[in-house]
Student: 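Pasting a structure below so you can have a look.
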Amino acid sequence: MTDSKYFTTTKKGEIFELKAELNSDKKEKKKEAVKKVIASMTVGKDVSALFPDVVNCMQTDNLELKKLVYLYLMNYAKSQPDMAIMAVNTFVKDCEDPNPLIRALAVRTMGCIRVDKITEYLCEPLRKCLKDEDPYVRKTAAVCVAKLHDINAQLVEDQGFLDTLKDLISDSNPMVVANAVAALSEIAESHPSSNLLDLNPQSINKLLTALNECTEWGQIFILDCLANYTPKDDREAQSICERVTPRLSHANSAVVLSAVKVLMKFMEMLSKDLDYYGTLLKKLAPPLVTLLSAEPELQYVALRNINLIVQKRPEILKHEMKVFFVKYNDPIYVKLEKLDIMIRLASQANIAQVLAELKEYATEVDVDFVRKAVRAIGRCAIKVEQSAERCVSTLLDLIQTKVNYVVQEAIVVIKDIFRKYPNKYESVIATLCENLDSLDEPEARAAMIWIVGEYAERIDNADELLESFLEGFHDESTQVQLQLLTAIVKLFLKKPTETQELVQQVLSLATQDSDNPDLRDRGYIYWRLLSTDPVAAKEVVLAEKPLISEETDLIEPTLLDELICYIGTLASVYHKPPSAFVEGGRGVVHKSLPPRTASSESTESPETAPAGVPSSEQPDVIPAQGDLLGDLLNLDLGPPVSGPPLASSSVQMGAVDLLGGGLDSLIGGPNFVTPPAAAVPANLGAPMGSGLSDLFDLTSGVGTLSGSYVAPKAIWLPAMKAKGLEISGTFTRQVGSISMDLQLTNKALQVMTDFAIQFNRNSFGLAPAAPLQVHAPLSPNQTVEISLPLNTVGSVMKMEPLNNLQVAVKNNIDVFYFSTLYPLHILFVEDGKMDRQMFLATWKDIPNENEAQFQIRDCPLNAEAVSSRLQSSNIFTVAKRNVEGQDMLYQSLKLTNGIWVLAELRIQPGNPSFTHLQLSLKCRAPEVSQHVYQAYETILKN
């Protein structure tokens with residue numbers, strides 16, 4: 001007979017009867033009684049009155065009975081702490097029982113009884129079990145330490161259990177090792193600051209040995225622990241990867257994902273040129289594909305993880321497109337996830353195959369899936385340019401089906417295609433206009449209105465189409481109302497004579513009859529623009545739009561790196577870091593991928609700097625950029641106040657950028673001087689920091705001082721943007737003073753007077769040191785040259801890019817704003833030469849991850865010419881030597897804010913075929929390295 005009989009209802013007075021049975025002399029009767037008690041407890045009856053009688057049954061050799069009593073104890077010990085103390089003696093006795101199963105059972109139960117009074121009595125038995133000769137007891141005791149730590153962390157630390165746990169990592173039994181790792185990881189997670197899992201190559205080796213022999217959950221604990229380790233170099237990373245790779249063929253999907261996590265993390269440290277890197281990529285694909293043959297729930301988890309992996313390394317699955325094709329019986333959540341991955345893997349090679357599939361999906365019956373499929377066709381067009389034409393014709397075929405929701409999705413994605421490929425596919429507009437009446441969803445209506453407004457000059461009856469939308473203006477959603485307002489203003493600017501009435505109607509609807517603040521504000525802005533300066537309105541409203549990016553839904557890179565560290569956990573399914581959904585202090589340690597290192601990088605540990613290096617070497621942190629406009633729009637444009645600078649650390653971050661794009665959006669346009677694209681540093685392989693200790697035997701190449709390089713003047717503010725005032729300029733540094741050399745030209749028809757200038761807060765505190773002196777009124781067609789002295793004691797705020805300077809210039813006509821990029825070498829100070837001892841110590845002291853490497857191409861100068869030219873711009877050569885036919889210059893420079901930058905420059909002398917210089921920069925504030933490199937390139941090439 002089964003145990004179900006114990007759950008049948010019993011008559012009244014059962015507690016009294018059970019009490020009698022529990023005290024019976026017959027073992028069988030006792031066991032039956034305890035089973036009845038457990039059954040009553042399970043269905044929620046209160047049997048705590050029997051506590052003393054059940055505890056008495058602990059004194060037995062019968063393992064089954066002992067387990068039942070322990071189960072009862074765990075449940076009621078918290079509500080009866082005083083009674084639970086009665087059981088302590090039995091625990092202590094059971095921990096010395098000859099049967100290892102009973103010893104383990106006792107220690108497991110001890111860990112589950114969460115009563116402070118009892119905890120201290122359990123320390124001695126637990127200590128014995130941690131050193132028990134039977135591995136089953138040791139592995140159970142290891143987990144018990146973690147449970148005990150949760151109840152009373154201080155007690156565990158005082159009793160030295162953590163050290164014993166660390167010793168268990170070296171245990172001969174793999175399951176003991178796995179449980180010790182699991183317990184330490186659990187404790188470390190609740191105490192992030194404690195360095196419990198102090199892993200080193202020796203302990204990693206022991207974990208890898210245990211990995212092959214323990215159970216699947218033991219393997220997961222060990223793999224998760226390995227994922228938190230950062231190898232010291234790429235060789236160690238490769239060695240670990242080689243030993244973890246066999247786990248990819250495990251039957252348990254959790255083991256596979258944990259192994260994938262370890263490999264994805266350590267691949268960061270491997271050079272892409274290694275043969276092993278390519279082999280590893282090939283080995284990662286099959287296990288991920290195999291996960292997709294499991295049941296739908298597991299498939300979904302696998303797909304969410306694959307989505308992250310494909311964003312980080314699309315090359316892993318680039319040949320596996322067919323696996324992600326949707327099956328007819330897939331649940332909708334699997335279908336949508338597969339569709340997403342198909343787009344991420346789409347490329348020129350497989351686009352035909354993908355489009356054929358997507359077109360097929362668009363005829364399915366599941367509405368959500370069809371919508372996503374149509375949207376996916378549009379995403380393919382944006383991602384793979386060669387396929388755009390084919391995608392557009394596919395979308396037109398779908399529009400011809402006249403299925404309402406298909407047509408609406410198609411119009412939404414065609415709008416994006418127009419944004420990506422302007423003046424290419426506008427011939428399809430006529431077809432879109434035919435379907436105007438069938439649109440009933442806000443997003444589709446808004447997309448269609450945008451198309452009509454954007455291409456109004458190509459649509460003969462654009463005004464009629466927009467007027468038809470205007471009839472039910474108040475019934476439309478906000479999205480459609482905003483789009484309609486903008487579209488009619490665009491139409492008015494393109495066809496002013498025919499649409500004056502229409503624009504007045506929409507402006508009055510938006511500003512007077514609407515209670516939506518966004519709509520009202522936009523209406524007022526347009527109204528004032530059109531009434532005060534129609535030319536400016538045209539420039540603002542009909543400005544050239546930036547092309548939309550290929551992947552608008554990619555996860556932000558730093559978040560993606562963090563999520564890769566959480567593969568196989570809930571974070572990888574939600575695509576959110578644990579801190580976003582885990583309450584309390586646990587599990588919110590931010591993880592990141594290890595830094596990529598080159599195989600030949602010097603691994604010598606940085607020696608501490610000698611006493612000669614000042615402790616103030618660490619530069620002040622530049623405050624982060626808050627409001628791009630800052631206080632620029634409310635500047636007091638009188639002469640600058642000389643005096644001590646404002647405390648830069650108290651920059652207010654709460655201000656909001658009202659205009660969205662900051663100054664750049666105000667002054668952007670075809671003639672705006674845009675920042676140069678950041679040069680991509682070449683991967684130089686070998687590091688530049690080797691052999692620095694020979695510096696003391698070198699002779700330094702000293703050049704002659706001939707004045708810092710000055711760039712030619714560029715137009716900073718075109719006349720059309722500043723009501724006829726054109727400003728050109730450049731920056732210079734001479735004998736320690738910085739100036740802004742300006743050329744002001746009056747191209748207007750009226751005289752200009754009362755000039756003043758002000759800078760917004762910037763990364764290095766640049767500010768005018770004197771008022772802008774224009775001594776005589778500036779007549780029409782007259783040009784004046786002015787040198788404005790600058791200092792670096794202004795307010796500091798980190799800009800993007802770092803050398804961005806936002807300027808306001810005022811005259812009797814108006815205030816004008818522009819931004820420009822200043823070359824960093826104007827901030828290199830004259831006392832930037834370090835002595836050799838300090839150079840060597842500082843180089844070693846700055847961490848290797850702060851080293852940045854660049855290549856200066858096509859620079860046929862020899863070492864003397866390079867040294868001389870750089871010295872004239874305050875980049876000083878500390879030492880020079882020749883290694884294997886290459887000249888090596890070791891250089892230092894110092895910025896006005898006290899940041900030192902150290903450089904190593906490799907030159908191949910006398911080789912006309914190789915004119916590239918290799919530059920390595922080290923700095924405690926690595927964000928300046930890119931701009932220092934640009935300064936090097938500018939100085940050496942001009």
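Numbers here simply count residues along the sequence, with the first being 1. Only heavy atoms go into these numbers, but all of them, side chains included; no hydrogens, no water, no symmetry mates.
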Student: Taking N305 for its side chain and G568 for its backbone only, find out whether a donor-acceptor pair lies under 3.5 Å.
Tutor: yes
Student: For a quick test of reading the model, state the closest non-hydrogen atom pair linking A444 to I411 and the distance between them.
Tutor: O-CG2, 4.0 Å
Student: Strictly distance-based, threshold 3.5 Å: is any side-chain N or O of Q408 a donor or acceptor partner for the main-chain N or O of D440?
Tutor: yes
Student: Listing request: all ring pair (Phe, Tyr, Trp, His ring centres under 6.0 Å) pairs with a residue in residues 397-420, at least two apart in sequence or in separate chains.
Tutor: F418-Y455
Student: What pairs with T290 under side-chain contact (heavy atoms from CB on, under 4.5 Å), at least two apart in sequence or on another chain?
Tutor: S293
Student: How far apart are the C-alpha atoms of E443 and R375, what are their side-chain angles, what is the distance that settles it, and do they pass the salt bridge (charged side-chain N to carboxylate O under 4.0 Å, His left out) test?
Tutor: CA-CA 13 Å; E443 199 176 358; R375 204 158 276 216; 3.2 Å; yes
Student: Without swapping roles, check the side chain of S258 against the backbone of V255 for a donor-acceptor pair under 3.5 Å.
Tutor: no
Student: Does a side chain donor of either S438 or N404 reach within less than 3.5 Å of an acceptor in the other side chain?
Tutor: no
Student: Can you confirm whether more than 12 heavy atoms, excluding those of Y574, are under 6.0 Å from its OH atom?
Tutor: no
Student: One thing to verify: whether K359 and D397 come together as a salt bridge, which I'm taking to mean a side-chain N less than 4.0 angstrom from a carboxylate O.
Tutor: yes
Student: Do you see a donor-acceptor pair shorter than 3.5 Å between the side chains of Q386 and Q348?
Tutor: yes
Student: Counting only heavy atoms not in R243, do more than 12 sit closer than 6.0 Å to its CZ atom?
Tutor: yes
Student: Among V326, V374, L339, T394, exactly one meets side-chain contact (heavy atoms from CB on, under 4.5 Å) together with L358. Which residue is that?
Tutor: L339
Student: For atom NZ of K67, decide whether the heavy atoms of other residues, nucleotides or ligands shown that lie under 6.0 angstrom number more than 12.
Tutor: no
Student: Is there a side chain to side chain donor-acceptor pair (under 3.5 Å) between E556 and T558 once you walk through the steps?
Tutor: CA-CA 6 Å; E556 192 263 325; T558 49; 2.5 Å; yes
Student: Let me see the working for I567 and M264 under side-chain contact (heavy atoms from CB on, under 4.5 Å), right down to the final yes or no.
Tutor: CA-CA 9 Å; I567 283 176; M264 285 293 289; 4.2 Å; yes
Student: When you look at CD of Q479, are more than 12 heavy atoms from neighbouring residues, nucleotides or ligands closer to it than 6.0 Å?
Tutor: yes
Student: Might you work through the side chain to side chain donor-acceptor pair (under 3.5 Å) test for Q238 and D234, ending with a clear yes or no?
Tutor: CA-CA 6 Å; Q238 181 175 336; D234 58 338; over 6 Å; no
Student: Please check if the number of heavy atoms outside K282 that lie under 6.0 Å from its NZ is greater than 12.
Tutor: no
Student: With a distance cut-off below 6.0 Å to the six-membered ring centre and an angular limit of 45° from the axis, does K424 pair with Y421 as a cation-pi contact?
Tutor: yes
Student: Run the side chain to side chain donor-acceptor pair (under 3.5 Å) check on Q481 and N516 step by step: do they pass?
Tutor: CA-CA 10 Å; Q481 289 176 332; N516 182 313; 5.1 Å; no
Student: Using side-chain contact (heavy atoms from CB on, under 4.5 Å) as the criterion, list what pairs up with F325, not counting sequence neighbours.
Tutor: M321, K322, M342, Q353, E357, Y361
Student: Applying side-chain hydrogen bond (donor to acceptor under 3.5 Å, both in side chains), name anything that partners E471, two or more places apart in sequence or on another chain.
Tutor: none
Student: Before giving the answer on side-chain contact (heavy atoms from CB on, under 4.5 Å), spell out for K335 and E364 the whole-Å C-alpha distance, their side-chain angles and the decisive distance to 0.1 Å.
Tutor: CA-CA 12 Å; K335 284 181 175 176; E364 291 268 339; 4.2 Å; yes
Student: Of all residues at least two apart in sequence or in a different chain, which pass the ring-ring contact (aromatic ring centres under 6.0 Å, His included) check with Y276?
Tutor: none
Student: Rounded to the nearest 0.5 Å, what separates atom CG in L396 from atom OG1 in T401?
Tutor: 11.0 Å
Student: Between atom CG of L519 and atom CG of L484, what is the distance when rounded to the nearest 0.5 Å?
Tutor: 9.5 Å
Student: What I want to find out is whether R313 reaches E268 closely enough, with some N-O distance under 4.0 Å, to be called a salt bridge.
Tutor: yes
Student: Just checking E385: does its CD atom have more than 12 heavy atoms from other residues, nucleotides or ligands closer to it than 6.0 angstrom?
Tutor: no
Student: Kindly write out the residues that satisfy salt bridge (charged side-chain N to carboxylate O under 4.0 Å, His left out) with D518, not counting sequence neighbours, or none if the list is empty.
Tutor: none
Student: Grab the two heavy atoms, one from K261 and one from D224, that are nearest each other, plus how far apart they are.
Tutor: NZ-OD1, 3.0 Å
Student: Check the pair I377 / L398 against side-chain contact (heavy atoms from CB on, under 4.5 Å), numbers first and verdict last.
Tutor: CA-CA 11 Å; I377 295 172; L398 291 171; 3.8 Å; yes
Student: For S249 and P246, indicate whether the former's side chain and the latter's backbone hold a donor-acceptor pair under 3.5 Å.
Tutor: yes
Student: Should we say atom CG of D275 is surrounded by more than 12 heavy atoms from elsewhere, each under 6.0 Å from it?
Tutor: no
Student: Using modelled atom types only, decide if a donor and an acceptor are shared between the side chain of K265 and the backbone of A227 within a distance under 3.5 Å.
Tutor: yes
Student: Tell me, please, which residues at least two apart from E454 pass side-chain hydrogen bond (donor to acceptor under 3.5 Å, both in side chains).
Tutor: K490, K545
Student: Can you pull the ring pair (Phe, Tyr, Trp, His ring centres under 6.0 Å) pairs that have at least one residue in residues 246-268, sequence neighbours excluded?
Tutor: none
Student: Is E64 salt-bridged to K35, cutoff N-O under 4.0 Å?
Tutor: yes
Student: Which residues pass the side-chain hydrogen bond (donor to acceptor under 3.5 Å, both in side chains) test with D330, not counting sequence neighbours?
Tutor: K338
Student: Not counting sequence neighbours, which residues clear ring-ring contact (aromatic ring centres under 6.0 Å, His included) with Y72? List them please.
Tutor: F51, Y76
Student: Will you find, in the side chains of E295 and Q299, an N or O donor that is under 3.5 Å from an N or O acceptor?
Tutor: no
Student: Can you tell me how far the CG atom of L288 sits from the OG atom of S253, to the nearest 0.5 Å?
Tutor: 11.5 Å
Student: Would the distance check show the side chain of R445 and the main-chain N or O of V480 forming a donor-acceptor pair, the cut-off being under 3.5 Å?
Tutor: no
Student: Is the backbone N or O of I564 less than 3.5 Å from a side-chain atom of K312, with the two atoms forming a donor-acceptor pair by type?
Tutor: no
Student: Who pairs with E297 by salt bridge (charged side-chain N to carboxylate O under 4.0 Å, His left out), at least two apart in sequence or on another chain?
Tutor: none
Student: What are the two closest heavy atoms between A346 and I351, and how far apart are they?
Tutor: CB-CD1, 4.2 Å
Student: Is it the case that the side chain of K383 and the backbone of S347 share a donor-acceptor pair, with hydrogens and angles ignored and the cut-off at 3.5 Å?
Tutor: no
Student: Pair D340, R304 - check salt bridge (charged side-chain N to carboxylate O under 4.0 Å, His left out), show working.
Tutor: CA-CA 10 Å; D340 206 26; R304 292 294 280 173; 5.7 Å; no
Student: Going by the rule side-chain hydrogen bond (donor to acceptor under 3.5 Å, both in side chains), which residues pair with D368 if we only count those two or more places apart in sequence or in a different chain?
Tutor: none
Student: Answer with yes or no whether the side chains of K402 and N435 bring together a donor and an acceptor at under 3.5 Å.
Tutor: yes
Student: Does NZ belonging to K147 count more than 12 external heavy atoms closer than 6.0 Å?
Tutor: yes
